[in-house]
Q: 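Please read through the structure below; I'll follow up with questions.
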Amino acid sequence: MKIGDNVNIIEIINKKRKKEELTKEEIMYAVNGYVEGSIKDYQMSALLMAICLNDMTEEEVFALTDVMLHSGEVLDLSKIKGIKVDKHSTGGVGDKATIILGPLLASLGVNIAKMSGRGLGHTGGTIDKLESIPGFSTSMSLEEFTNQVNNIHFALVGQMGNLVPADKKIYALRDVTGTVESIPLIATSIMSKKLASGADKIVIDVKVGSGALVKNLEEANKLANLMVKIGKNAGKEIICVLTNMDEPLGTHIGNALEVEECINFLKGSYEKDVYELVMKLGSCMASLGLFITEEEAKKRLEENITNGKAYSKFDEFVKAQGGNLEKLERAPKEFSIKSTKSGYINHIDTLKLGEIVREIGAGRYEKEDKIDYGVGIILSKKVGDFILQDEELLKIYLHEKDMELGKILNCFDIGVHYIEPEPLIYEVIK
Ligand code: URA
């Protein structure tokens, strides 16, 4: 059948509305037509909403991933010697794990050829965080990228090549049509980009909770299982780790501040939750890259933090990409926010706190907005901690005190009874 002869977009929308299964030809017709412009925003919006409401079968999901993956270039990383392991996070507040895991894994000889994004909504992006290091460049040619991975096992870039243009266009439409929160659409969006960026094996941190895109464990489980199946269908090994995003990861939120926390970690000084997350994701990545058990992997990761090899690798990586760590700066004004009552921190509204950090300049509202790298927050207390009235809850870093700082207190629930915090790692799905 020649596409277009017997297919039209209205029939495709109607089919999905009636919960019928779409063929690969129909999916190809809709996606490619939308990328080329023959299918209009309003038609694609209707189809996306029908998918949101009626779900997709596994066959449809595999077909959609494949069509999106081949809507643009697919990176050829075959010039990198050995296995390439990638890591992805579905996004959270204070999530700086990639900046720690990259050098840590590279110090064990695991190849990490990483393509990262900028901040999205209330969550920060790895590219913005690393660009807070003066001089650090996240753009390079494919040749420079592969050479750097061959030389030091780790390179990190922003966009390279025209990968998955279908996702760029469809994601922007989903953002403004209430169709972001759909498991098959999230799974195909993430996996088409991961498959296009050329890694052999992938570990995905699926964040769950109030600060994440996926708010409950059942949905996160569905998403993780679907991504593992998409990977297997494409011949790639995928491990998904379901982790809690009901409170920010670690203590530092904001670009340069998060880099500072990564440096502290790699020098052996860390918060319990960051350590637990990095060890879990890192053990999965090292076991895939080095064909060793997760226990052996964890031992080697710990050794390389203690013996300084992980930090040296970070230093080497930053220098290779032009950064000068000595010039990393916090915003000059520090304000201490104190608790108005005594009690246990029972909950942090992570979404709201992420929004405040975005509002003070650490994130964008429009694509063209300039990031204020030095602003942010350092938490003095985490969920489960006890705080006294007038004791410091957090520090905020600004250029000027130009906001009502009291509203930050509304992000914290402080109660008289201790509530056991949720575990950080919920489940591993392979
Ligand atoms: N991240 C993505 O890349 N795509 C989604 O749809 C959601 C989160």
Side-chain angles (χ1 to χ4, degrees), residues 27 31 34-35 44-45 47-53 55-56 60-62 64-69 71-72 74-75 86-93 95 97-98 114-128 157-199 202-216 219-231 234 236 238 240-243 245 350-351 354 358 363-364 367:
I27 291 172
V31 172
Y34 183 57
V35 173
M44 187 48 99
S45 308
L47 181 60
L48 292 170
M49 186 54 84
I51 291 172
C52 266
L53 298 174
D55 211 347
M56 288 184 117
E60 286 178 313
V61 164
F62 296 158
L64 178 57
T65 308
D66 195 56
V67 170
M68 287 177 49
L69 164 65
S71 65
V74 176
L75 270 198
D86 198 0
K87 176 255 168 194
H88 181 78
S89 160
T90 56
V93 177
D95 185 2
T98 295
K114 180 92 187 89
M115 208 183 291
S116 286
R118 296 193 180 276
L120 193 67
H122 68 286
T123 66
T126 301
I127 292 292
D128 295 327
V157 283
Q159 205 56 43
M160 192 162 43
N162 182 25
L163 304 192
V164 200
D167 182 66
K168 277 189 209 101
K169 209 166 166 192
I170 293 173
Y171 194 89
L173 188 66
R174 284 169 59 208
D175 209 19
V176 292
T177 54
T179 53
V180 169
E181 286 164 46
S182 148
I183 299 298
L185 293 180
I186 297 173
T188 49
S189 162
I190 293 175
M191 288 305 297
S192 58
K193 286 178 288 197
K194 289 288 110 185
L195 296 175
S197 44
I202 305 158
V203 174
I204 303 179
D205 180 4
V206 180
K207 299 281 185 202
V208 195
S210 59
L213 186 60
V214 183
K215 303 283 187 278
N216 67 64
E219 294 280 285
N221 221 293
K222 232 172 114 185
L223 175 62
N225 277 295
L226 197 51
M227 291 195 291
V228 169
K229 282 185 187 155
I230 296 172
K236 306 260 175 182
I238 314 275
C240 286
V241 185
L242 270 51
T243 70
M245 191 22 82
T350 308
L351 181 67
R358 181 188 193 188
R364 301 182 183 80
K367 235 174 39 219

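Order of appearance sets the numbers: ligands from 1, and atoms from 1 within every ligand. Residue numbers run from 1 in the order of the sequence given.
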Q: Closest heavy-atom contact between Asp205 and Lys207?
A: OD2-NZ, 2.8 Å
Q: How would you list, by chain and number, every residue that makes a salt bridge (charged side-chain N to carboxylate O under 4.0 Å, His left out) with Lys194, sequence neighbours excluded?
A: Asp86
Q: Residues around ligand 1, heavy atom under 4.0 Å from any ligand atom, sorted by chain and number. Can you pull those?
A: Tyr171, Arg174, Ile186, Ser189, Ile190, Lys193, Leu213
Q: What closest approach, in Å, do Ala196 and Val164 show between heavy atoms, and which atom pair accounts for it?
A: CB-CG2, 3.7 Å
Q: Which pairs pass side chain to side chain donor-acceptor pair (under 3.5 Å) with one or both residues in residues 163-173, sequence neighbours excluded?
A: Asp167-Ser189, Asp167-Lys193
Q: Quick one: are Thr90 and Leu213 in side-chain contact, heavy atoms under 4.5 Å?
A: no
Q: Applying side chain to side chain donor-acceptor pair (under 3.5 Å), can you list everything that pairs with Thr98, at least two apart in sequence or on another chain?
A: Lys87
